[in-house]
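Within every chain, numbering begins at 1; the chains are lettered A, B, ... in the order of the sequence lines, protein sequences first and strands thereafter.
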Amino acid sequence: MPIAYNQRTCYCGQVGPHQAGQSVIVAGWVHNRRDHGGMVFIDLRDREGLVQLKFNPETDPKAHETAGKLRSEFCVCVRGDVALRPQSMINPKMRTGTVEINVHEIDILSASETPRFMVEDEINVNDELRLEYRFLDLRRPTMQKSLITRHRAVKIIRDYFNDQGFIEIETPFLTKSTPEGARDFLVPSRKQPGMFYALPQSPQLFKQLLMMSGFDKYMQIVRCFRDEDSRKDRQPEFTQLDVEMSFVQVDDVLNVAEGYLVRVWKEILGVDVPRPFVRMSYQNAMDDYGIDRPDTRYDLRIKDVTAVCRKTEFKIFTGAIEKGGVVRCIRVPGGADMSQNEIEKADNSLQNILKGIGAGGLPYVKVDVAQPPSAGSSQPGAAVPYALKTGVAKFFSPELTAELCAATGAQAGDALFFAADTIDNVCKYLARLREEVARRRNLIPAGLWNFLWVIDFPLLEHHAEDNRYYAVHHPFTSPMDEDVHLLESDPLKARAKAYDVVVNGVELAGGSIRIHRADVQSKIFKLLSLTPEEAELKFGFLLKALRHGPPPHGGFAMGVDRLVMLLCGLDSLQDTFSFPKTAEGYCPMTVAPSPVDQKQLDELSIRLAPSVKK
RNA sequence: GGGGCCGUAGCUCAAUUGGUUAGAGCGCCGCCCUGUCACGGCGGAGGUUGCGGGUUCGAGCCCCGUCGGCCUCGCCA
């Protein structure tokens with residue numbers, strides 16, 4: 001009689017001393033086998049963990065014989081008694097290490113080929129192989145934890161938003177291609193040859209239309225698609241929590257978002273996140289951190305030293321300033337101990353990293369205590385407290401040195417790293433430098449969660465290439481009421497009712513209050529160089545809806561994959577997906593994308609370009 | 001789309017200046033072993049060096065192409 005595996009009594013990882021003496025049925029995969037010729041030990045694994053099985057040839061010869069045939073990843077079911085291990089045989093490294101199961105009966109439910117890699121957490125296997133054998137990869141405890149955490153976070157989303165009166169509504173995947181934004185994934189229409197649907201980059205317009213339909217609190221956990229190159233923190237299809245509310249101002253939306261985040265951090269990590277979150281203006285973030293998603297766990301704030309550097313004879317500084325640029329710097333406390341190799345020589349030196357993103361170089365100085373003029377003289381450093389050495393020190397006179405130290409708060413033993421260029425480039429370089437220095441010098445405190453709202457984003461940005469404005473957030477974002485008049489006079493000065501949640505330097509969510517007036521929306525389209533005809537063609541349905549009593553509304557979207565990455569402390573977004581794709585958008589397991597039959601192409605009226613090889 | 005690095009046993013990696021029979025650890029297979037938990041001991045098998053072409057007396061190594069992976073810039077409202 002086979003063991004009734006459907007009457008499994010508990011998970012392997014949950015067997016404990018409270019069951020001592022009880023008969024149990026467990027099922028799982030063979031993790032490890034230790035065969036002593038006589039006694040055989042098996043670690044059996046299921047989604048909750050491992051438990052040690054013991055096979056004794058004297059008491060259970062038949063089970064012991066079967067145990068000898070077991071190999072890695074065989075799927076088995078056993079019946080046995082839970083026993084407390086003798087004191088000296090307790091394994092403190094195992095959660096179930098105080099007990100073991102004396103097996104009386106075992107069934108091999110299925111055998112396994114030798115796995116291509118071992119199912120354990122500390123593996124060193126290339127990603128492609130992991131993805132090809134994703135079903136094995138997902139057996140690893142960290143991957144199980146990741147997907148289970150994902151489930152819990154999503155469950156909390158549904159509970160929380162349901163409690164708050166939100167309604168989950170689905171929106172189409174086969175929809176209309178939207179201009180701007182990322183590249184669309186296209187789906188050809190069979191019934192209308194030559195026509196294409198696009199997969200949604202987000203349900204943005206649908207959720208706004210639902211507001212116009214009167215569902216004043218909407219949410220959805222929804223797949224979004226963007227056909228751009230993948231990265232460690234990016235996949236072509238990803239999941240968003242999408243939220244929209246009517247009759248709200250910025251604070252109302254921030255409150256709802258904070259409420260969820262606080263709850264999920266408490267329930268999953270047991271961490272109390274203080275509310276309300278700190279708010280920082282976009283301008284403040286750019287000035288102090290050079291980036292719109294600052295990691296505030298460490299200081300290293302950027303200081304503007306344009307005024308001081310203007311007085312130097314250093315062409316790199318003065319040249320940049322003459323062209324309308326700025327000079328800014330980061331003070332690294334104690335940074336004088338950094339080697340020349342680390343700063344500018346090594347392949348991965350700070351300078352080379354910055355050169356990699358376009359910087360010309362990395363001017364720097366180290367701050368030292370000033371030497372007295374001669375050995376005999378007293379009052380060392382009384383007039384000039386500090387002196388600079390190395391790098392571009394020679395361009396700073398004692399007076400300028402004093403000014404520089406005053407402007408940056410630099411003290412003896414510090415290093416100052418400069419960037420001189422346009423404001424945009426200086427921000428880009430120093431933001432990167434900040435991150436790199438913090439990581440290398442271990443300035444990032446462990447266990448800290450810094451939640452931050454970045455607010456007061458500009459509404460528009462200007463691109464020189466095509467000499468036109470682009471929406472910073474998206475074209476439906478409302479300008480601030482007091483800035484509406486700037487749309488005529490100085491559009492780049494207009495601020496948006498937009499906001500991002502940043503956690504430890506990761507942009508986790510973002511949103512805005514939307515335009516709910518047709519005239520304002522038309523004005524924005526015009527600024528974005530859309531003619532009324534184009535606007536009608538592309539967004540006619542939105543403009544039509546805006547003429548039928550739209551409520552004021554706004555919302556946000558949160559990256560669920562990034563959320564799970566943060567909660568699990570993962571450094572790869574791939575590990576939060578069940579079946580992710582490579583950087584080329586390829587799935588090694590299913591071998592997708594792949595060619596299709598000529599018949600399918602014919603039905604879609606699609607002919608492949610001659611350059612496409614079969 | 002641009003640039004860089006990489007591809008050798010099931011896995012992770014070696015292989016001197018282009019030179020003998022391409023090695024190691026882990027895994028795998030066999031035998032032995034009654035308290036292991038990274039069990040241990042002895043023995044063994046396992047290779048079209050991603051693929052295609054070229055240079056050379058000779059190519060894992062050099063050159064060209066191609067496929068794939070990773071990093072990076074661009075892109076990602």
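- B:rG3 and B:rU8 have their P atoms separated by 24 Å, given to the nearest Å.
- Closest-nucleotide positions on RNA chain B for A:R71 and A:P57 were compared, and the one nearer the 5' end corresponds to A:R71.
- Contact of the A:R495 side chain with the A:Y282 side chain is not registered, since no non-hydrogen atoms from C-beta on lie closer than 4.5 Å.
- Between A:R116 and B:rG10, a side-chain N or O to OP1/OP2 separation shorter than 4.0 Å is absent.
- When both distances must be under 3.5 Å, the Watson-Crick or G-U wobble mate of B:rC28 is B:rG44.
- Whole-Å rounding puts the A:L70 CG to B:rC28 C1' distance at 16 Å.
- Annotation: salt bridge (Lys or Arg N to Asp or Glu O under 4.0 Å) contacts involving residues 82-92 of chain A, sequence neighbours excluded, are absent.
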Contacts table for residues 500-510 of chain A: side-chain donor-acceptor under 3.5 angstrom, sequence neighbours left out:
from   : atom 1 : to     : atom 2 : distance (Å)
A:N504 : OD1    : A:N450 : N      : 2.8
A:N504 : ND2    : A:L448 : O      : 3.0

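- The distance between atom CZ of A:R130 and atom C1' of B:rU12, rounded to the nearest whole Å, is 15 Å.
- Using a cutoff of 4.0 Å between basic side-chain nitrogens and carboxylate oxygens, A:R34 and A:D43 are scored as salt-bridged.
- Atom-to-atom, CE of A:M39 to C1' of B:rC37 comes out at 13 Å; the value is rounded to the nearest Å.
- Within the structure, side chain to side chain donor-acceptor pair (under 3.5 Å) contacts touching residues 579-596 of chain A (residues at least two apart or in different chains) are A:E237-A:K581.
- With a 3.5 Å ceiling on both atom-pair distances, the Watson-Crick or G-U wobble partner of B:rC5 is B:rG69.
- A:D184 has its CG atom 18 Å from the P atom of B:rC75, to the nearest Å.
- Between the side chains of A:S177 and A:D184, at least one donor-acceptor pair of N or O atoms lies under 3.5 Å.
- When the C1' atom of B:rG35 is taken as reference, atom CZ of A:F41 falls 4 Å away, rounded to whole Å.
- Across all strands shown, nothing is found opposite B:rA38 as a Watson-Crick or G-U wobble partner with both distances under 3.5 Å.
- Near RNA chain B, defined here as any heavy-atom distance below 4.0 Å, the residues from residues 419-430 of chain A are A:K428, listed numerically.
- Atom-to-atom distance recorded for A:F539:CZ and A:Q521:CD is 8.0 Å, nearest 0.5 angstrom.
- A:D242 and A:Y218 share a donor-acceptor pair across their side chains, judged by distance under 3.5 Å alone.
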Practice task
Would you mind building the protein contact string for nucleotides 65-72 of chain B? One character per nucleotide, 5' to 3', B for base within reach (heavy atoms under 4.0 Å), S for sugar-phosphate only, - for untouched.
Solution key: ---SSSS-

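- If you check residues 83-102 of chain A against RNA chain B, the residues with a heavy atom closer than 4.0 Å are A:R85, A:M89, A:N91, A:K93, A:M94, A:E100, listed by number.
- Rounded to an integer number of Å, the gap from CZ of A:F74 to C1' of B:rC28 is 12 Å.
- Between the OG1 atom of A:T477 and the CZ atom of A:R514 there is a distance of 6.5 Å, given to the nearest 0.5 Å.
- With both ends at atom P, the span from B:rC29 to B:rC73 equals 45 Å, rounded to whole Å.
- A:M118 places its CE atom 6 Å from the C1' atom of B:rG27, with the value rounded to the nearest Å.
- Counting non-hydrogen atoms under 4.0 angstrom, A:V40 reaches nothing in the nucleic acid.
- In this structure, A:V30 and A:S72 have side chains that are not in contact, with every pair of non-hydrogen atoms separated by 4.5 Å or more.
- Comparing B:rU66 with B:rA9, their P atoms are spaced 24 Å from each other, to the whole Å.
- Taking atom C1' in both B:rC67 and B:rG46, the straight-line distance is 26 Å, to the nearest Å.
- Within the nucleic acid shown, A:F117 has no heavy atom closer than 4.0 Å to any nucleic acid atom.
- Atom C1' of B:rG58 sits at a distance of 8 Å from the matching atom of B:rG18, rounded to the whole Å.
- In this structure the side chain of A:K207 never reaches within 4.5 angstrom of the side chain of A:T171, judged on heavy atoms.
- Applying the side chain to side chain contact (heavy atoms under 4.5 Å, CB included) test to A:P552 and every residue at least two apart in sequence or in another chain returns A:F247, A:H516.
- Closest approach to the A:R226 side chain among B:rC76, B:rU36, B:rC28 is made by B:rC76 (side chain taken as heavy atoms from C-beta onward).
- Across B:rC28, B:rU36, B:rC75, the shortest atom-to-atom separation from the side chain of A:T114 is found for B:rC28.
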Practice task
Decide salt bridge (charged side-chain N to carboxylate O under 4.0 Å, His left out) for A:D575 and A:R130; before the verdict, give the C-alpha distance in whole Å, the side-chain angles of both, and the deciding distance to 0.1 Å.
Solution key: CA-CA 11 Å; A:D575 288 350; A:R130 282 180 56 200; 2.9 Å; yes

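- Pairing for B:rC13 is with B:rG23, a Watson-Crick or G-U wobble pair whose two hydrogen-bonding atom distances lie under 3.5 Å.
- A:S529 meets the side chain to side chain contact (heavy atoms under 4.5 Å, CB included) test with A:R468; sequence neighbours excluded.
- Contact check, A:R34 against B:rU36: no side-chain N or O comes under 4.0 Å of OP1 or OP2.
- Side-chain to base pairing of A:R234 with B:rC76: one donor and one acceptor N or O lie within less than 3.5 Å of each other.
- Nucleic acid contact for A:S202: base, since at least one base atom lies under 4.0 Å from a heavy atom of the residue.
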What nitrogen or oxygen pairs link the protein and nucleotides 44-52 of chain B at under 3.5 Å?
none

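- Residue contacts shown for A:N32 are limited to sugar-phosphate atoms, with no base heavy atom under 4.0 Å away.
- Atom name P, nucleotides B:rU56 and B:rU17: the rounded distance is 23 Å, in whole Å.
- Taking atom CZ of residue A:R33 and atom C1' of nucleotide B:rC28, one finds them 11 Å apart after rounding to whole Å.
- The list of side chain to side chain donor-acceptor pair (under 3.5 Å) pairs with a residue in residues 552-566 of chain A, not counting sequence neighbours, reads A:R150-A:D561, A:Q208-A:H553.
- The gap from the P atom of B:rG47 to that of B:rG53 amounts to 22 Å, rounded to the nearest Å.
- With both ends at atom P, the span from B:rG60 to B:rA22 equals 10 Å, rounded to whole Å.
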Can I get a per-line list of side-chain donor-acceptor pairs under 3.5 Å for residues 350-362 of chain A, giving both atom names and the distance, sequence neighbours left out?
from   : atom 1 : to     : atom 2 : distance (Å)
A:N352 : ND2    : A:A346 : O      : 2.8
A:N352 : ND2    : A:S349 : OG     : 3.3

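- Listed by first and then second residue, the ring pair (Phe, Tyr, Trp, His ring centres under 6.0 Å) pairs involving residues 37-93 of chain A are A:H36-A:F41 (not counting sequence neighbours).
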